[in-house]
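Note sheet for the following structure.
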Amino acid sequence: ERILTAGRVQLDYLHLQLWPTELSSDYSFNQIAIVTSGLDPRFLGFLALVIAAIWISWGVRKEHPVVGYALLFSLTSNLLFPIGTVMGERLAYAPSAFFCLLLGYGMWELYLRKGRPTAVLFGLVLVSFCGMTVDRNRTWADSEVFNRTQVRTAPNSAKANYGSGREYARRGEFDRAVVHLRRAVEILPEYDDAWTMLGTAYADQGELHTAIQVYQEAVGNKANGAGLHYNLGRAYQLLGEYPLAVESFLTAIRMDRAFMQPYINLGGVYYQMNRHAEAEEVWRQALRLQPENQTVQDNLDILKRESQ
């Protein structure tokens with residue numbers, strides 16, 4: 001599937017280089033559909049392109065001994081070995097430089113045969129591409145524009161929907177945030193960060209019971225990060241469900257013993273339950289991990305004053 005999909009993606013790269021009208025900053029799961037069959041038309045198209053390229057190269061090998069595109073793409077193509085991402089425009093930088101040189105060489109050869117009309121046509125193409133560059137650069141105006149553009153160009157990407165949902169949540173646009181975060185976890189059910197942000201969005205609206213349902217649903221979908229269990233514990237803590245909060249904070253600590261916030265809140269729950277000795281023990285554990293943490297030190301000072 002990796003090799004089949006990598007072949008299909010090569011057609012996408014070629015399309016973007018010939019006419020870059022659908023550029024995107026994100027091609028992550030599940031924006032690029034996985035190819036599962038060697039008979040898939042997209043993979044067969046790639047094979048046909050390879051055969052044609054070999055045939056043409058062999059035919060002009062003496063007059064135009066030019067090589068490089070496939071060689072430059074070999075390391076980032078996923079064909080030889082997996083690289084950890086299906087597709088990314090940055091992965092085509094070196095091959096695209098060769099592609100531009102090859103195109104310029106071809107246009108020069110055509111100019112020698114056809115004269116000025118070729119130069120005029122090529123100039124018009126370059127001017128239009130410059131316009132596309134200016135328009136594309138506006139994508140990075142600010143985080144709002146970036147996330148909006150990203151989810152428009154990659155609507156099936158869990159990462160793009162998460163980024164857009166996070167941006168809307170930051171701006172307090174709750175309904176829009178939920179739509180995109182729900183879409184992110186629908187695409188990738190084990191997406192810890194998206195589940196966490198979705199639950200936080202509900203919690204920030206005071207809908208703690210819904211937030212708890214979200215966190216529980218996340219765990220059921222194998223999204224099992226320490227942050228999820230911490231947020232679940234925090235929601236239980238705010239509702240006064242202290243035993244359940246303790247259980248969630250302890251789970252978060254077991255999953256990530258360097259994660260400071262569960263220690264702080266677990267000690268706080270023990271304190272609220274009048275289990276001061278256990279609160280002190282937890283906060284001292286936290287202080288050993290992070291001696292400069294002022295919040296933990298202040299909590300221990302309060303306990304000390306109350307015990308005197």
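Any value given below was found using the heavy atoms of this structure, including those in side chains, with hydrogens, waters and symmetry copies removed. Computed from a predicted model, the values in this text were never measured in an experiment.
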- Message: Main chain of Ala160, side chain of Ser164: is a donor-acceptor contact present, judged purely on distance under 3.5 Å?
- Response: no
- Query: Are Asp301 and Arg305 ion-paired here, with the side-chain N under 4.0 Å from a carboxylate O?
  - Reply: no
- Over all heavy atoms of both residues, which pair between Ser24 and Glu89 is shortest? Give the atoms and the distance, please. N-OE2, 2.7 Å
- SB check Arg182 Glu186 (cutoff 4.0 Å): no
- Message: Is it the case that atom CZ in Arg176 sees more than 12 heavy atoms from other parts of the structure closer than 6.0 Å?
- Response: no
- Task: Would you mind reporting whether Glu190 and Asn221 have side-chain heavy atoms less than 4.5 Å apart?
- Result: no
- Task: State the NZ-OG distance between Lys159 and Ser25, to the nearest 0.5 angstrom.
- Result: 7.5 Å
- Note on the structure: Scanning both residues in full, the closest heavy-atom pair of Tyr270 with Leu250 reads OH-CD1, 4.4 Å
- Message: Taking the six-membered ring for Trp, are His276 and Tyr271 closer than 6.0 Å centroid to centroid?
- Response: yes
Got a list of side-chain donor-acceptor pairs under 3.5 Å for residues 67-81, not counting sequence neighbours?
| residue | atom | partner | partner atom | Å |
| --- | --- | --- | --- | --- |
| Tyr69 | OH | Gln17 | NE2 | 2.8 |
| Ser74 | OG | Leu71 | O | 2.7 |
| Thr76 | OG1 | Leu91 | O | 3.0 |
| Ser77 | OG | Phe73 | O | 3.4 |
| Ser77 | OG | Ser74 | O | 3.3 |
| Ser77 | OG | Leu79 | N | 3.2 |
| Asn78 | OD1 | Ile83 | N | 2.9 |
| Asn78 | ND2 | Thr85 | O | 2.8 |

- Message: If we ignore hydrogens and angles and just use 3.5 Å, is the side chain of Trp195 paired with the main-chain N or O of Pro189 as donor and acceptor?
- Response: yes
- CA sep, side-chain torsions, deciding dist, call: Thr149, Val145, side chain to side chain contact (heavy atoms under 4.5 Å, CB included): CA-CA 6 Å; Thr149 304; Val145 173; 3.9 Å; yes
- Query: What distance separates Leu303 CG from Asp298 CG, expressed to the nearest 0.5 Å?
  - Reply: 11.5 Å
- Value rounded to 0.5 Å, distance of CG in Leu289 from CZ in Arg284: 14.0 Å
- Would you find more than 12 non-hydrogen atoms of other residues, nucleotides or ligands less than 6.0 Å from Glu292 atom CD? yes
- Query: Below 4.5 Å, heavy atoms only, C-beta onward: do Leu232 and Leu228 meet side chain to side chain?
  - Reply: no
- Query: Is there a path of hydrophobic side-chain contacts, each under 4.5 Å between heavy atoms of I, L, V, M, F, W or Y residues, that connects Tyr162 with Phe146?
  - Reply: no
- Query: Of all heavy-atom pairs between Leu181 and Arg166, which one has the smallest distance, and what is that distance?
  - Reply: CD2-N, 4.2 Å
- Between Val50 and Gln10, is any pair of side-chain heavy atoms under 4.5 Å apart? no
- N/O donor-acceptor pair under 3.5 Å between Asn231 side chain and Thr200 backbone: no
- So, the side chain of Trp283 versus the backbone of Ile264: is there a donor-acceptor pair under 3.5 Å, distance only? yes
Only distances under 3.5 Å count here; give the side-chain donor-acceptor pairs of residues 92-101 to other protein atoms, sequence neighbours excluded, each with its distance to 0.1 Å.
| residue | atom | partner | partner atom | Å |
| --- | --- | --- | --- | --- |
| Ser96 | OG | Ala92 | O | 2.9 |
| Ser96 | OG | Tyr93 | O | 2.7 |

- Message: For a side chain to side chain contact (heavy atoms under 4.5 Å, CB included) check, start with the C-alpha distance between Val178 and Leu198, then their side-chain angles and the critical distance, and finish with the verdict.
- Response: CA-CA 6 Å; Val178 167; Leu198 179 59; 4.2 Å; yes
- Message: Quick one, Leu49 and Leu11 - any side-chain contact, counting heavy atoms below 4.5 Å?
- Response: yes
- Give, for atom CD1 of Ile187 and atom CG of Asn30, the distance between the pair rounded to the nearest 0.5 Å. 7.0 Å
- Looking only at heavy atoms, which two atoms of Tyr263 and Ala286 are closest? And how far apart? CB-CB, 3.7 Å
- Query: For the ring pair His180 and Tyr168, is the centre-to-centre distance below 6.0 Å?
  - Reply: yes
- Within a radius of less than 6.0 Å around NE2 of His209, do more than 12 heavy atoms belonging to other residues, nucleotides or ligands occur? no
- Message: Within the structure provided, determine whether Gln290 and Val296 are in side-chain contact (heavy-atom separation under 4.5 Å).
- Response: no
- Nearest atoms (heavy-atom pairs only) where Met197 meets Ala169: SD-CB, 4.2 Å
- Task: Would you check if the side chain of Asn161 reaches a backbone N or O of Pro155 as a donor-acceptor pair within less than 3.5 Å?
- Result: yes
- Message: For a side chain to side chain contact (heavy atoms under 4.5 Å, CB included) check, start with the C-alpha distance between Ser248 and Tyr230, then their side-chain angles and the critical distance, and finish with the verdict.
- Response: CA-CA 6 Å; Ser248 296; Tyr230 163 72; over 6 Å; no
- Message: Test your reading of the model: is there a side-chain donor-acceptor pair from Thr5 to the backbone of Val35, 3.5 Å cut-off?
- Response: yes
- Message: Tell me whether Trp140 at atom CH2 has more than 12 heavy atoms from other residues, nucleotides or ligands lying less than 6.0 Å away.
- Response: yes
- Determine, step by step, whether Glu1 and Thr36 satisfy the side chain to side chain donor-acceptor pair (under 3.5 Å) criterion, reporting the C-alpha distance in whole Å, the side-chain angles of both residues, the deciding distance to 0.1 Å, and the verdict. CA-CA 5 Å; Glu1 291 182 351; Thr36 59; 5.4 Å; no
- Query: Just how far is it from atom CD of Glu280 to atom NZ of Lys304, taken to the nearest 0.5 Å?
  - Reply: 10.0 Å
- Query: When you look at Arg234 and Gln237, which way does the side chain to side chain donor-acceptor pair (under 3.5 Å) test go after all the steps?
  - Reply: CA-CA 5 Å; Arg234 180 61 180 153; Gln237 182 181 12; 3.2 Å; yes
- Item | Note, Pro20 side chain near His15 side chain (heavy atom, < 4.5 Å) | no
- Message: Can you give me the closest heavy-atom contact between Leu44 and Leu39, atom names plus distance?
- Response: CD1-O, 3.5 Å
- Item | Distance flag, aromatic centroids of Tyr105 and Trp108, threshold under 6.0 Å | no
- Query: Salt bridge check: are Arg171 and Glu144 linked by an N-O gap of less than 4.0 Å?
  - Reply: yes
Under 3.5 Å, which donor-acceptor pairs do the side chains of residues 120-136 form with other protein atoms, sequence neighbours left out?
| residue | atom | partner | partner atom | Å |
| --- | --- | --- | --- | --- |
| Ser128 | OG | Val125 | O | 2.7 |
| Thr133 | OG1 | Phe129 | O | 3.1 |
| Asp135 | OD1 | Arg138 | NH1 | 3.4 |
| Arg136 | NH1 | Thr139 | OG1 | 3.3 |

